[in-house]
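The structure appears below as structure tokens.
The shown structure was predicted, so the numbers you read here are calculated from the model rather than taken from an experiment. The sequence lines fix the lettering, A, B, ..., with proteins before strands; numbering per chain opens at 1.
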Protein chains: 2
Amino acid sequence: MLTDRQLLILQVIIDDFIRSAQPVGSRSLSKKNEIQYSSATVRNEMSDLEEMGFIEKTHTSSGRVPSEKGYRFYVDHLLSPQALKQQDISQIHSIFAERIFEMENIVQRSAKILSELTNYTSIVLGPNHHENRVKQIQVVPISEGTAIAIIVTDTGHVESRRFSFPKDIKADDIEKMVRILNERLVGTSLMDMHDRLYKEIAIILKKHIANYDLMLKAFAEIMNIPVHDKLFFGGKMNMLNQPEFSDIEKLRLLMDMIEREENLYKLIRPSDGSGIQVKIGKENEVIAMENCSLITATFPIAGGQKGSLAILGPTRMEYSRVISLLTILSTDLSKALSSLYDKPPES
Amino acid sequence: MLTDRQLLILQVIIDDFIRSAQPVGSRSLSKKNEIQYSSATVRNEMSDLEEMGFIEKTHTSSGRVPSEKGYRFYVDHLLSPQALKQQDISQIHSIFAERIFEMENIVQRSAKILSELTNYTSIVLGPNHHENRVKQIQVVPISEGTAIAIIVTDTGHVESRRFSFPKDIKADDIEKMVRILNERLVGTSLMDMHDRLYKEIAIILKKHIANYDLMLKAFAEIMNIPVHDKLFFGGKMNMLNQPEFSDIEKLRLLMDMIEREENLYKLIRPSDGSGIQVKIGKENEVIAMENCSLITATFPIAGGQKGSLAILGPTRMEYSRVISLLTILSTDLSKALSSLYDKPPES
DNA sequence: GTTAGCACTCTGTAACCTTGAGTGCTAAAT
DNA sequence: ATTTAGCACTCAAGGTTACAGAGTGCTAAC
């Protein structure tokens, strides 16, 4: 479809634009070493490329700018897997050098370093707790009528909630309930717990404990885990540095979306396959992200779960570099998070 | 020092500027109902006010704008305690209508509502966990060589950390240690725990447990609580709506500071007395906040602790309204957070 | 097929003018 | 002795014009 020369020119145009954020003209192209043709020849080719929809003019006599279709083609066919600086690589690995045991901590650090290395905004979706299995349930009384319920899962995740109960319930009864809960619920996933509480546990509690229904209700209510997992961000403000967001209105739209976190779940939800996924501009189907691209890396975690790493930047993004960084980091993260589980990571 | 008329004019100038963000001229002032003098008279008074440093011109023939000294005077002497809309008040109270038991939740909601009602950025410093006292310590083994340590405090706060230990340590020993820790440490504040672990507990463990030092070290290391308490934000992006931040450079400076949270602790740290404190512009001693005012409300929580609520806005802030809102919310928050403690709130 | 040359187009910038809001001062009015 | 009216002056903002620079498209020559 495209001649070699057209491929070359398209690539140089996009590379140049990504670097400079300025429309690229035929003359400046023909001056480059890679391109041995006169500006007139380049102009002809550019005209063709425009006709095919890969590049656009911002006005009748301006240089050309990549279109979304152009970026798409660039990402799919022209991406030269750019070598990262050794420094960047070791900086990523350094996160995992210390032996850290908190998932949140690891994930937060990953988000931070990613945003620092790219100057874009990073978004990390940690492992899903829904499928964690209950390891132990405990209740710690705090004062008369209130107590803290704690659930520890097999991944080491701790959920705790304060709850109150009628005063005529005795410490004895609470202990009895905790014993029953542990006997019956250990091994259940958090997701299924609510169901089992009401179906299976309710019947047993009924036999042993007066006022069991109040206790059960209090306990069940507090123990529904939030629907969404927590998102971790790095460099939320990095978009301020991008010239495409010097327009404060665009900025506000985007920041609003980031702040509300609403659409983000849909966008970042791990896709079917593992690996890298690139969404360019309107492909994201969110108005605020018209000028943005989102690169998502999905990686496996032990237990069949998946994690996601994403970089949000302008469509004029350093695709090659970002993809390399995401690839490395997602591999590291996959290992690190998996090691926090009982089971070894699936590959 | 100032005549009644000068007071009146100063007040009207500042009120008007807070509303419109536009320099105020003599003619538009003399047209107001409150002011019965001709523009020439007003001009003379304004000239005096400028000489005294309460107002400034942005250029030789512009209207006047309040200076920091002007705002200071306004806040100290001219603030008419503006009545809030009933709607606003009930919206604040509504946070506390449901009986919520999670401190974080309450605090986060407060931050959110405050930012929504004011259109500024809110910052809430939750209660300090350092002075919480240990209620119970537990250790839940996760896999061979790793376990979760959980500390529940008298306020219902739960700290948990994953830690690893040498494999030759038996489950027995761990249980023994947990029993000792509970016997000795319940009632100790988190702040003092580290010390007591090494001084008092070490000696006891030595007698009962082989390899006690490794265990102790693992446990002590993970249990230092972060130096700073968590800050909660609302409306981080609200500054985008303020005309004083249409300059993207100023915006970046400010956002950077907010994102890094660095200076904020100093600024928001509860002051000696309870009550409201207003810091205007350069009084904050942070470059990024030259154009900002920070209003902080410090309120007591049970157990002699203090919490802080703050609003960060442009110097051109609705001082009166913000102060009213903070007063109400801090009272509510004081009660609500105190009720989560054993002891009744100190007044 | 490639290139040189030229007319044409559009942006951005600087220079200029005009308008409107505001000031300060002076002299008249109260 | 205040207060006000009047007037000259200043400055920012907005509009117009002119112009340089970068770029294109087309045609004709290589």
Donor-acceptor under 3.5 Å (A:T118 side chain, A:V322 main chain):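 Checking the backbone N and O of A:V322 against the side chain of A:T118, no donor-acceptor pair under 3.5 Å is found.
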Measure [atom1]/[X] against [atom2]/[N] and give the value in whole Å, please.
X	N	atom1	atom2	result
A:I35	C:dT2	CD1	P	14 Å
A:I13	D:dG23	CD1	P	12 Å
A:H59	D:dG21	NE2	P	16 Å
A:D16	D:dA22	CG	C1'	14 Å

How long is the gap from [atom1] on [X] to [atom2] on [Y], to the nearest 0.5 Å?
X	Y	atom1	atom2	result
A:M317	A:L294	CE	CG	7.0 Å
A:E45	A:L2	CD	CG	9.5 Å
A:L312	A:K236	CG	NZ	12.0 Å
B:T121	B:F233	OG1	CZ	9.0 Å

Look at B:T41 and D:dT4 and indicate whether a side-chain polar atom (N or O) is within less than 4.0 Å of OP1 or OP2.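 The answer is yes; a side-chain N or O of B:T41 sits under 4.0 Å from OP1 or OP2.
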Under 3.5 Å side-chain donor-acceptor pair for A:T327 and A:S324: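 Not at all, the side chains of A:T327 and A:S324 share no donor-acceptor pair under 3.5 Å.
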For nucleotides 22-24 of chain C, list the nitrogen or oxygen atoms of the protein found under 3.5 Å from its nitrogen or oxygen atoms, one pair per line.
from, atom 1, to, atom 2, distance (Å)
C:dG22, O3', B:S62, O, 3.3
C:dT23, OP1, B:R64, NH1, 3.0
C:dT23, OP2, B:S26, N, 3.1
C:dT23, OP2, B:S26, OG, 2.6
C:dT23, O3', B:K57, NZ, 3.3
C:dG24, OP1, B:K57, NZ, 3.0
C:dG24, OP1, B:R64, NH2, 3.2
C:dG24, N7, B:R43, NE, 3.1
C:dG24, O6, B:R43, NH2, 3.3

Go nucleotide by nucleotide along DNA chain D from the 5' end; which of B:Y37 and B:T58 gets its closest nucleotide reached first?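 Looking at the nearest nucleotide for each, B:Y37 comes out on the 5' side.
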From the set C:dA4, D:dA12, D:dA5, return the single nucleotide nearest to any side-chain atom of B:A40.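 Selected nucleotide: D:dA5.
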